[in-house]
Structures are given as C-alpha cells and as structure tokens.
*Asks:* 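Before I ask anything, let me first share the structure, which is written out below as structure tokens.
Order of the sequence lines sets the chain letters (A, B, ...), proteins ahead of strands, with each chain counted from 1.
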Number of protein chains: 2
Amino acid sequence: MSKSETTSVNRRTEIISAAIEVFAEIGYYRATTAQVAKRAEISQPYIFRFFSTKEALLLAALEVSWMRVIDSFRKVVGSASPEHLETDLIQAYDEILNAYRNEILLQMQAQTIQEDSIREAMRNGFGEVRRIVLEAFRAAGIPNPEERTMLFLARGMLCNISTALNMPELKEF
Amino acid sequence: MSKSETTSVNRRTEIISAAIEVFAEIGYYRATTAQVAKRAEISQPYIFRFFSTKEALLLAALEVSWMRVIDSFRKVVGSASPEHLETDLIQAYDEILNAYRNEILLQMQAQTIQEDSIREAMRNGFGEVRRIVLEAFRAAGIPNPEERTMLFLARGMLCNISTALNMPELKEF
DNA sequence: TAGGGAACTAATTGATGAATCACTAACCAG
DNA sequence: CTGGTTAGTGATTCATCAATTAGTTCCCTA
C-alpha cells in the first residue's frame with residue numbers, strides 16, 4: 001500500500017495522466033490546458049509550474065507512453081523462449097493497446113506533428129523499439145530478422161489504426 | 001492543353017489543394033483558414049463560399065486523397081498480371097507517397113480525429129482500399145488472400161510512418 | 001451602354017486560448 | 001510565534017481564429 005500524499009512529483013504525474021487522456025480524446029492542438037487542468041482537478045495556471053509550455057507537457061506524455069512499450073518489450077525479451085518470442089511480443093503490445101489505448105492514440109497523433117522536439121522523441125521511441133525487437137529476433141535465431149522486425153512493426157501500426165478507427169476487420173485474417 | 005479559366009470549379013479545386021498542403025504541413029487544428037487562403041491566393045472569407053466550415057474543407061481534402069489511392073489501385077488491378085499484382089500495387093503506392101506525400105500525411109492526421117464525419121470518411125477509404133486489394137488477390141489466386149491483404153496494408157501503414165518521420169530504416173530490410 | 005450577376009475582398013466580430021501576475025492558505029523549523 | 005517555503009488559485013493579458021457582413025470590381029449580354 002503506497003501512501004498517496006500530494007507531493008510535487010505526484011502532481012506532475014497526475015497532470016501527465018490527465019494530459020494523455022485529454023490530448024488523446026480531443027486532439028493535442030484542439031485540447032486546451034484548461035481541459036487538462038480540469039481533468040487533473042487543479043487550476044489551469046498551475047500546470048505551468050510543472051511544464052513551461054504546452055509542448056513540454058506533450059513531450060512528457062510521449063516519454064511515458066514510449067516507456068510503457070519499451071519496458072514491456074524488454075520484459076518479454078528477457079523471459080520469453082525463442083519459439084514464443086514473437087507471439088509474446090504481439091500479446092504484450094495487444095495488452096498495452098487495451099489497457100493504455102490513449103497513450104497509443106497520442107503516439108499516433110505525434111507521428112504527424114512537425115515540431116522538432118516531438119519528431120525527435122518519436123524517432124527515439126521507434127528506433128529503440130525496433131532495436132529491441134531486432135536484437136531479440138537475432139538472438140532467438142529467427143531467419144531474416146530484419147524483414148521479420150519490419151513486418152512485426154508494420155502489423156503493430158495496422159493494429160493501432162484498426163483500434164483508432166474501430167475497424168477490427170483491418171487486422172483480422 | 002486545357003484552358004485555365006477561373007471557374008467556380010477550378011477555384012474549389014485550388015482551395016482543396018492549398019488546404020491539403022497547409023493542413024499537412026501545419027496540422028489541421030493548428031492550421032488557419034487564413035493560411036489556406038494565402039496559399040490559394042484568395043481572401044480568407046472566400047473559402048466559406050465553397051465550404052461551409054473548416055471541417056467540410058477537410059472532408060473534401062480527404063475525399064481527394066482517398067480517390068488518389070483508390071483510382072491508382074483500380075488501374076493496377078485492371079492491368080497487372082497475377083504474378084506482378086502485389087509488386088505493382090506496392091510500386092503504385094510508393095509513387096503516390098512520393099508525388100502526393102501531403103495527401104498521405106493528411107490521412108495519417110485524420111486517423112486520430114474524433115469527429116464522426118471524419119471517422120466515417122476514413123473508414124470508407126480504408127474499407128474500399130481493403131476491398132479492392134482483397135478481391136484482386138483472390139482473383140489472382142494468391143493463397144491466404146485475407147492474410148496477404150492484411151500484411152499489404154500493414155506494410156503500407158509502416159511506409160507512411162517511415163516517410164512522415166523521415167526514418168527510412170523502419171521499412172527497409 | 002445599362003444593368004445584372006458572378007467573383008472576390010476589407011473590415012469586423014465574438015469567442016477562445018496560452019501564458020503571466022498578483023495574490024492567499026497551509027505548513028514547518030528554530 | 002514568526003519568517004520562509006511549498007502548494008495553489010482568480011483575474012487578466014494579448015493574441016488569434018472561424019465565420020459574417022457589407023460591400024467593390026469586372027465581365028457578359030440584351
């Protein structure tokens with residue numbers, strides 16, 4: 001049982017969680033800091049004690065969402081047997097997509113945001129995930145690991161869209 | 001040589017082209033109708049003679065961009081030999097991605113826009129593309145056509161992201 | 001050549017949003 | 001109990017934007 005004091009760090013985390021929800025639901029550019037504040041049950045100006053700009057808040061939210069995927073994949077890679085590796089990774093991503101849908105919707109939005117800092121965060125995230133999967137496929141002795149990694153990522157991106165548009169038929173076969 | 005009179009229809013088309021560029025570069029919600037107007041070399045209010053709202057303009061832009069893909073794929077399906085079908089489709093999409101990058105960037109944005117009319121347009125577009133590809137794979141006698149269609153679409157979506165983030169390594173293998 | 005309509009714009013409006021400022025309340029150490 | 005620090009807010013500012021209104025220009029034709 002962890003205490004839930006209102007420390008500065010806790011507040012920061014609460015604001016990020018609220019931002020992920022609101023940005024995902026409303027759209028980053030259309031969402032207002034007032035809406036984020038309301039969701040976090042604080043006043044709008046108080047957000048700016050923790051994040052210097054709205055964009056800095058988006059960056060923090062993206063950081064959280066990439067770490068969700070990266071940590072999960074690292075855990076799978078560290079424990080899965082070579083023959084279950086790919087199915088376990090797929091299952092792990094599927095669980096994230098169910099439990100943290102908004103974080104993935106936010107990543108999808110960020111794919112087309114042109115701000116340099118956002119693009120860099122997205123490239124880092126994708127690059128790290130790709131590295132983890134590719135290394136794991138290699139270590140598992142999977143043939144054509146580069147192609148298999150590409151196909152794994154591709155299917156993941158189609159799952160995202162299938163989820164976002166509520167079109168299950170896109171990913172089924 | 002077609003005449004380039006300034007008819008009502010031409011202006012409409014010009015505005016849509018300008019909107020595709022500006023929305024793709026700036027982001028739909030952040031982009032202003034004034035920026036679109038400037039790109040189209042008309043005044044900002046004049047846009048509203050052709051489109052009742054900013055959202056109606058986005059819908060028209062999405063319509064253009066989906067027809068680009070759909071028409072191109074239909075042409076390939078109508079002329080390609082069964083053994084070249086998939087490579088020809090891939091090549092066709094690659095050419096669209098090069099020549100009409102902004103239209104695809106706009107589609108990517110629209111994947112996460114929650115407005116009902118936009119979601120419906122996106123579902124129609126994806127559904128029609130999927131139908132065309134699946135039917136063509138079946139007619140060509142390709143085994144597991146549903147799975148192959150899913151993988152084809154998945155690779156396409158990864159190509160989009162690879163292009164948007166300028167990460168060529170994502171799609172290569 | 002008068003006038004009617006199509007193409008187009010300047011000026012404005014009402015609403016909204018990010019960010020800042022000036023302030024209060026609660027707590028805690030010496 | 002007091003002086004400093006942390007947590008927090010109401011009110012405001014300045015900018016911006018979608019959409020409307022009220023016009024002007026220009027061409028075609030009867």
Side-chain angles (χ1 to χ4, degrees), chain A residues 2-62 106 109-110 113-118, chain B residues 2-62 106 109-110 113-118:
Chain A
S2 66
K3 297 181 271 185
S4 69
E5 298 177 90
T6 68
T7 66
S8 183
V9 174
N10 285 350
R11 269 284 182 261
R12 206 188 123 92
T13 306
E14 287 168 17
I15 293 171
I16 292 173
S17 297
I20 288 170
E21 290 180 29
V22 172
F23 289 169
E25 289 170 16
I26 316 270
Y28 169 67
Y29 285 122
R30 201 178 40 150
T32 71
T33 54
Q35 289 172 306
V36 173
K38 192 173 184 184
R39 191 76 59 113
E41 296 179 288
I42 56 165
S43 68
Q44 179 259 341
Y46 198 40
I47 289 176
F48 293 87
R49 292 267 172 215
F50 298 87
F51 305 95
S52 61
T53 62
K54 189 187 176 188
E55 188 179 313
L57 175 54
L58 172 60
L59 261 175
L62 286 175
L106 189 60
Q109 281 186 48
I113 291 180
Q114 302 294 335
E115 262 39 11
D116 277 344
S117 64
I118 306 299
Chain B
S2 66
K3 297 181 273 187
S4 69
E5 298 175 90
T6 68
T7 66
S8 183
V9 174
N10 286 350
R11 268 285 182 261
R12 204 187 126 91
T13 307
E14 288 168 16
I15 293 171
I16 292 172
S17 297
I20 288 170
E21 289 180 29
V22 172
F23 289 168
E25 289 169 16
I26 316 270
Y28 169 67
Y29 285 121
R30 199 178 42 147
T32 70
T33 55
Q35 289 171 306
V36 173
K38 193 173 184 183
R39 190 76 59 112
E41 295 180 285
I42 56 166
S43 68
Q44 179 260 339
Y46 197 43
I47 289 176
F48 292 88
R49 292 268 167 205
F50 297 88
F51 305 94
S52 59
T53 62
K54 190 186 179 188
E55 188 179 312
L57 175 56
L58 172 60
L59 262 175
L62 285 175
L106 189 60
Q109 281 186 48
I113 290 180
Q114 303 292 335
E115 256 57 337
D116 277 344
S117 64
I118 307 297

*Asks:* Let's see if you get this right: which residues in residues 15-40 of chain A place a heavy atom under 4.0 Å from DNA chain D?
*Replies:*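 Residues of residues 15-40 of chain A that come under 4.0 Å of DNA chain D do not exist, since none gets that close.
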*Asks:* Closest nucleotide of DNA chain C for B/Arg49 versus for B/Pro45: which of these residues is on the 5' side?
*Replies:*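 First, find each residue's nearest nucleotide; the 5'-ward one identifies B/Arg49.
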*Asks:* Take atom CG of A/Leu58 and atom P of C/dA18, then tell me their distance rounded to the nearest Å.
*Replies:*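 Between P of C/dA18 and CG of A/Leu58: 13 Å.
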*Asks:* Between P on D/dA18 and CD on B/Gln44, what's the gap in Å once rounded to a whole number?
*Replies:*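 Rounding to the nearest Å, CD of B/Gln44 and P of D/dA18 are 7 Å apart.
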*Asks:* Measure the shortest side-chain to side-chain distance between A/Val36 and A/Phe23 over non-hydrogen atoms and say whether it is less than 4.5 angstrom.
*Replies:*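 Yes; the side chains approach each other to less than 4.5 Å.
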*Asks:* Starting at CD1 of B/Ile42 and ending at P of D/dA18, how long is that distance when rounded to a whole Å?
*Replies:*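 Between P of D/dA18 and CD1 of B/Ile42: 14 Å.
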*Asks:* What is the distance from CG of A/Asn10 to P of D/dA7, rounded to the nearest Å?
*Replies:*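 Nearest whole value for this atom pair: 11 Å.
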*Asks:* Are A/Glu55 and A/Tyr28 close enough that some pair of their side-chain heavy atoms sits under 4.5 Å apart?
*Replies:*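 They are in side-chain contact.
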*Asks:* Do A/Gln35 and A/Glu25 touch side chain to side chain, with heavy atoms closer than 4.5 Å?
*Replies:*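 A side-chain contact is absent here, since even the closest heavy-atom pair is not under 4.5 Å.
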*Asks:* Is the closest side-chain heavy-atom distance between A/Ile16 and A/Phe51 below 4.5 Å?
*Replies:*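 Yes - at least one pair of side-chain heavy atoms lies under 4.5 Å apart.
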*Asks:* What distance do A/Leu58 atom CG and A/Tyr29 atom OH have between them, rounded to the nearest 0.5 Å?
*Replies:*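 A/Leu58 atom CG to A/Tyr29 atom OH measures 8.0 Å (nearest 0.5 Å).
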*Asks:* Please report, rounded to the nearest Å, how far the C1' atom of D/dA18 is from the CZ atom of B/Phe48.
*Replies:*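 Value for this atom pair: 5 Å.
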*Asks:* Measure the distance from CD1 on B/Ile47 to C1' on C/dC8 and round it to the nearest whole Å.
*Replies:*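 Rounded to the whole Å, the gap is 13 Å.
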*Asks:* Give, for atom CD1 of A/Ile47 and atom CG of A/Leu57, the distance between the pair rounded to the nearest 0.5 Å.
*Replies:*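 Atom-to-atom, A/Ile47:CD1 and A/Leu57:CG are 6.5 Å apart.
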*Asks:* Going from CZ on A/Arg12 to CZ on A/Arg49, what distance comes out if it is rounded to the nearest 0.5 angstrom?
*Replies:*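 With rounding to 0.5 Å, CZ (A/Arg12) is 15.5 Å from CZ (A/Arg49).
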*Asks:* If you compare every side-chain N and O of B/Tyr46 against the phosphate oxygens of C/dC8 (OP1, OP2), does one of them come in below 4.0 Å?
*Replies:*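 Checking B/Tyr46 against C/dC8: at least one side-chain N or O falls below 4.0 Å of OP1 or OP2.
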*Asks:* What distance separates A/Ile15 CD1 from A/Thr33 OG1, expressed to the nearest 0.5 Å?
*Replies:*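 Spacing of CD1 (A/Ile15) from OG1 (A/Thr33) equals 11.0 Å.
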*Asks:* Please report the end-to-end axis angle for the helix from C/dT1-D/dA30 to C/dG30-D/dC1, five pairs per end, rounded to 10 degrees.
*Replies:*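 It works out to 10° between the end axes.
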*Asks:* Taking for each residue the nucleotide of DNA chain D with the nearest heavy atom, is it B/Glu55 or A/Glu41 whose nucleotide lies nearer the 5' end?
*Replies:*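 So the residue in question is A/Glu41.
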*Asks:* To the nearest 0.5 Å, how far apart are CD in A/Gln114 and CZ in B/Arg30?
*Replies:*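 That separation rounds to 8.0 Å.
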